[in-house]
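To start, the structure itself, in structure tokens.
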Amino acid sequence: MVKLYDHKKIEKKWQTIWEKKGVYKTLNNSKKKKYYSLIEFPYPSGDGLHVGHPRPYIGMDIISRKRRLEGFNVLYPIGWDAFGLPTENYAIKTGKDPRMVTKKNTDTFRRQIKSLGISFDWSREINTTDPKYYKWTQWIFLQFFKKGLAYKTKKDINWCPKDKTGLADEEVVNGCCERCGTAVEKREKEQWMLAITKYADRLDKDLDTVDYLPQIKLGQRNWIGRSEGAEIEFKISTPSGVQHPTIVKVFTTRPDTIFGATYVVLAPEHELVQKLTAQIKNWDEVEKYIKETKNKTEIDRNVEDKIKTGVELKGVKAINPATKEEIPIWIADYVLATYGTGSIMAVPADDARDREFAEKFVLPIVENYTKAGFEDFGKKITTFKLRDWVFSRQRYWGEPIPVIYCEKCGMVPVPEKDLPLILPKVKNYQPTDSGESPLANISKWVNVKCPKCKGNAKRETDTMPNWAGSSWYYLRYTDSKNKKEFASKKNLKYFTPVDWYNGGNEHTTLHLLYSRFWHKFLFDLNLVPTSEPYKKRTSHGMILGEGGVKMSKSLGNVINPDDIVKTYGADTLRLYEMFMGPFDQSVAWSTESIIGSRRFLERIWNLQYKIQKNKKYVEFEIEKTIKKVSSDIEDMKFNTAVSTLMIFINEIGKLESISENAYEKFLKILSPFAPHIAEELWQILGHQKSINLESWPVSDFSKIQDEEIKIAVQINGKVKAEIMIMLNDDEEIVKKKAFANKTVLKQVVDKEVRKVFFVKNRLINIVV
RNA sequence: GCCCAGGUGGCGGAAUUGGUAGACGCGAUAGACUCAAAAUCUAUUGAUGGCAACAUCAUGAGAGUUCGAUUCUCUCCUUGGGCACCA
């Protein structure tokens, strides 16, 4: 009797059974080798899941399921990165408690993700907004604080006037807020900083030790911006020829061009400018310029772009150590205070920017100068573009920074026994223009006793950026319920590092770099066993709306996976998302094309009525299929893996029957892609145990011989005929067969054969 | 401006890394089944010419290397993405 493929019934049935039996629960104490696969945990937005979310989850699910069948104890966890602005802005608008909003959103996300049959170990679920979790985020922050790597400083920061919060450099895109697009202003504010620059060198170098996609390594390297050069000292003189005691250090990657250096430029913020006030004759003009640049926003600097401005420091000169000549000193905002030494020697003959500046202000340009040896002047130094990480946010929905200001004792960390420092409830979530967090309004919370002297003290009211919780979450999964430590040493030792981490390209310079930094810091404190968190990192492409535009609520082109699961089933959705295009590239969604994946599953379903004893042809086909599918999964070429499965089914469709042996192997390699239908068909075969407990088939060609294959015959590089040969036939045999072919004969008969090229099992090319 | 990654049928995309270009899927056309439609099955489906076997042209454009190039080299056009006065 033929049964219809009822995806609703089958998928619900197996999801319930798997959960009940805990099939995907990861053991902490297993004799098996571990495998840790990781996806970037989602931000549970109010819009719910859209079809783009699950793509990486499905991809890593396929890897994880294959690893389980290969005998690994697989850790494949999930959680929620739930602090952040969208939830807070929603709370401001509606007056609802962000905790409730988060609860509702995560409930929706959880239900939706569960409906896809992804083999997450839900028992390890974490949530960054849970005090039991952020206790440890705060604890790690205190370790940074104690080591002096979290420090407070007054500085110009990127301020978003709309979100009313400071931003990290990484969160500023083209001078605008990454999130809302508002032009970023400069504001002088006391800010918490994390000294990521202390790790710049190792963050760069250790990329050699990990297996990241080349473009990811490149992205990180460019952002860190390591640059080797020299620091050269220029002495300063006053016009009477008197040497001034100060010197200016310039940074250059081209010390060999020093004979061409005709002036020196300092960044307007350079400290030396203030020291030379007495000697500078045009101080008014200089001071005015300094003020002007300070008031320029990032965007102003961009718009005015390549138009160079600057002022000469009259009354002082620098002495070129190579030519011994006196050369002018300028200040200009094309020289950045934060890079190198904040000052340069200008070589207008060699550098386009210096040339432009020299031409505008009529400064000497010396062409054809002598090249100096690299080592002759100055000393070698390495500098980085990377800057320290602005770690304060003046917003509500984040981890409170656990520090207390005491009038007597200064900054005092909240004692570890008082952690978590719970984020208090407030009446109003609205941030203030004064740049203070809404927490500042809760006097009961702000005014505390100093933990040291018990005197009057105030709490820090800034919160952490939402990158904080995600900088270490992968460690928590190894031991998510631990109350004494962020994770036990034992579990960390067994599970870390993450073996394979897949995520979005947009996190290359943010999350990925931050979490490597935190990890290295914890490693230095001997709190984690490895110096790198992730062994391997790959990335996935986005799913775009129909027609290739971004899916967005405002365009109304968002596809909700619920609808697809309902009409076609989770297995169809999974298969389609893997089949639609290369995993690492963006692909446009097409509801029209889904039907192909569904038809494929139906054909598999109907195959159960064709199972029979051995047939040789099918044996060869299945071994080929296993080989290709196995290697495609490892390369994340899921699209061609699915197509290989389809080809197999098409071949079988032409035959009367399929051997039970081949069929079982097929179900096993299908199961990572379409776990529900594979499990159902497995059970129909009479198996008591889950297909999840089987082992991954290894392709075996040893029994296969005398296979007949088709190859091409070319004449002068053009395909003229096809001939049948036996697999691995050698050149002589193939040549004979080729010349026996009628069409070949016709073309060759009256011509001289000059040469024959033979590629085994592929083609033969006759040059005439 | 600089650095990456792309450009292949009507559409999404394959091509064992120098070896039969267009796998697989969608769509389309015709036929079978049906009172009919849907579903399913069968066949065809890069373009041009021809009744035909077949021929010619085709992987953004142009050159080159090679018996043979989507693949390698150079120049240019173009689409995404990243960085953007980083000395």
Side-chain angles (χ1 to χ4, degrees), chain A residues 173-175 214-216 218-219 221-223 225-227 229-230 250-255 257 261 265 267 301-302 304-308 332-336 338-347 350-354 356-357 383-387 505-506 508-509 541-542 546-548 575-576 579-582 584-597 599-600 602-603 606 627-628 631 637 639-650 653 710-722 743 754-768:
Chain A
V173 177
N174 289 330
Q215 66 267 30
I216 298 175
L218 194 73
R221 287 222 155 95
N222 287 343
W223 190 263
R226 180 193 171 89
S227 172
V250 304
F251 173 73
T252 179
T253 52
R254 296 286 310 276
T257 64
V265 190
R301 278 206 185 189
N302 270 333
E304 288 172 23
D305 222 1
K306 312 295 174 197
I307 304 160
K308 301 263 182 299
D333 68 356
Y334 85 92
V335 173
L336 306 174
T338 48
Y339 186 72
T341 58
S343 47
I344 61 154
M345 61 176 205
V347 186
D350 206 72
D351 184 282
R353 294 154 305 184
D354 296 342
E356 195 195 321
F357 192 79
T383 190
F384 299 89
K385 286 189 208 172
L386 187 70
R387 286 189 252 168
N505 277 321
E506 69 276 23
T508 301
T509 53
M542 275 196 303
E546 305 236 9
L575 215 45
Y576 175 63
F579 181 63
M580 58 195 299
D584 59 348
Q585 281 168 41
S586 297
V587 211
W589 180 265
S590 162
T591 299
E592 201 181 56
S593 298
I594 298 170
I595 190 71
S597 299
R599 283 180 191 147
F600 169 58
E602 275 170 11
R603 260 178 273 145
N606 294 331
K627 190 177 172 203
K628 174 86 168 116
S631 65
K637 289 161 105 181
N639 54 334
T640 49
V642 173
S643 107
T644 305
L645 294 170
M646 287 172 167
I647 291 167
F648 177 77
I649 292 301
N650 290 348
K710 195 162 70 177
I711 67 160
V713 184
Q714 296 184 332
I715 290 168
N716 292 341
K718 289 197 170 178
V719 180
K720 294 289 170 186
E722 283 173 343
T743 13
R754 306 237 319 260
K755 209 164 181 185
V756 176
F757 291 86
F758 174 67
V759 184
K760 198 170 176 183
N761 297 333
R762 206 145 289 283
L763 60 68
I764 183 163
N765 184 14
I766 301 161
V767 184
V768 295

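Chain naming here is simple, since letters A, B, ... match the order of the sequence lines and numbering starts at 1 in each. Keep in mind the model is a prediction, meaning the values are calculated, not measured.
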For RNA chain B, whose closest nucleotide is more 5', that of A:Val759 or that of A:Ile595?
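Taking each residue's closest nucleotide, the earlier one in sequence belongs to A:Val759.
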Reading RNA chain B from 5' onward, which residue's closest nucleotide shows up sooner: A:Val719 or A:Val642?
A:Val719
[N] pairs with, by Watson-Crick or G-U criteria that keep both distances under 3.5 Å:
N: B:rG64; result: B:rC72
N: B:rU40; result: B:rA32
N: B:rU16; result: none
N: B:rA53; result: none
N: B:rG1; result: B:rC83
N: B:rC26; result: B:rG10
N: B:rA58; result: none

Expressed in angstrom and rounded to an integer, what is the separation of [X] atom [atom1] from [N] atom [atom2]?
X: A:Arg599; N: B:rG25; atom1: CZ; atom2: P; value: 10 Å
X: A:Tyr339; N: B:rC83; atom1: OH; atom2: C1'; value: 13 Å
X: A:Asn650; N: B:rC24; atom1: CG; atom2: P; value: 7 Å
X: A:Lys718; N: B:rU20; atom1: NZ; atom2: P; value: 16 Å
X: A:Leu575; N: B:rG25; atom1: CG; atom2: P; value: 12 Å
X: A:Lys628; N: B:rC24; atom1: NZ; atom2: C1'; value: 11 Å
X: A:Asn761; N: B:rU20; atom1: CG; atom2: C1'; value: 14 Å
X: A:Asp351; N: B:rC2; atom1: CG; atom2: C1'; value: 13 Å

Among [options], the nucleotide that comes nearest once only the side chain of [X] is considered:
X: A:Arg762; options: B:rC24, B:rG19, B:rA87; answer: B:rG19
X: A:Trp223; options: B:rA84, B:rG13, B:rU20; answer: B:rA84
X: A:Val587; options: B:rG13, B:rC24, B:rU20; answer: B:rG13
X: A:Leu763; options: B:rA55, B:rC85, B:rG19; answer: B:rG19
X: A:Lys710; options: B:rA87, B:rC85, B:rU20; answer: B:rU20
X: A:Leu336; options: B:rC67, B:rC4, B:rA87; answer: B:rA87
X: A:Thr253; options: B:rA87, B:rC3, B:rU20; answer: B:rA87
X: A:Asn639; options: B:rC26, B:rC67, B:rA14; answer: B:rA14
X: A:Gln714; options: B:rA87, B:rU20, B:rA15; answer: B:rU20

Straight-line distance of A:Ile649 CD1 to A:Asn606 CG, nearest 0.5 Å
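The distance works out to 10.5 Å.
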Roughly how far, to the nearest 0.5 Å, is NZ of A:Lys628 from CG of A:Leu645?
11.0 Å
Is the closest side-chain heavy-atom distance between [X] and [Y] below 4.5 Å?
X: A:Asp354; Y: A:Ile344; value: yes
X: A:Phe251; Y: A:Tyr339; value: yes
X: A:Val713; Y: A:Val719; value: no

Hey, does the Lys NZ or Arg CZ of A:Lys308 hover above the aromatic six-ring of A:Tyr334, less than 6.0 Å from the centre and inside 45° of the axis?
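Checked: cation-pi criterion met.
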Less than 3.5 Å apart, any donor N or O on the side chain of A:Ser590 or A:Glu546 sitting next to an acceptor on the other?
no
Short side-chain N/O contact from A:Ser227 to OP1 or OP2 of B:rA87, under 4.0 Å
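The answer is yes; a side-chain N or O of A:Ser227 sits under 4.0 Å from OP1 or OP2.
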Decide, for B:rU8, between syn and anti: a glycosidic angle within 90° of 0 counts as syn, anything else as anti.
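B:rU8: anti.
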Checking one value: the base orientation of B:rG49, syn if chi is within 90 degrees of 0, otherwise anti.
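It is anti.
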Mind checking [X] for me? I need base, sugar-phosphate or nothing, with any heavy atom below 4.0 Å counting as a touch.
X: A:Lys755; answer: nothing
X: A:Ser593; answer: sugar-phosphate
X: A:Ser590; answer: nothing
X: A:Arg754; answer: nothing
X: A:Glu602; answer: nothing
X: A:Pro214; answer: nothing
X: A:Glu722; answer: base
X: A:Lys637; answer: sugar-phosphate

Using the six-membered ring for Trp and the full ring for Phe, Tyr or His, decide whether A:Phe757 stacks on the six-membered base ring of B:rC67 (centres under 5.5 Å, planes under 30°).
yes
Is it the case that the base of B:rC83 and the side chain of A:Asn222 share a donor-acceptor contact (distance under 3.5 Å, atom types as modelled)?
no
What about A:Lys385, does its side chain sit under 3.5 Å from the base of B:rC83 through a donor-acceptor pair?
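When only heavy-atom distances are counted, A:Lys385 does not reach the base of B:rC83 through any donor-acceptor pair under 3.5 Å.
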Check against side chain to side chain contact (heavy atoms under 4.5 Å, CB included), A:Val756 and A:Ile764:
CA-CA 7 Å; A:Val756 176; A:Ile764 183 163; 3.7 Å; yes
What integer number of Å spans the [atom1] atoms of [N] and [M]?
N: B:rU70; M: B:rC57; atom1: P; result: 13 Å
N: B:rU20; M: B:rG80; atom1: P; result: 33 Å
N: B:rU73; M: B:rG19; atom1: P; result: 15 Å
N: B:rU16; M: B:rG31; atom1: C1'; result: 37 Å
N: B:rA53; M: B:rG46; atom1: P; result: 14 Å

For A:Tyr576, which residues count as a ring pair (Phe, Tyr, Trp, His ring centres under 6.0 Å) partner, sequence neighbours excluded?
A:Trp589
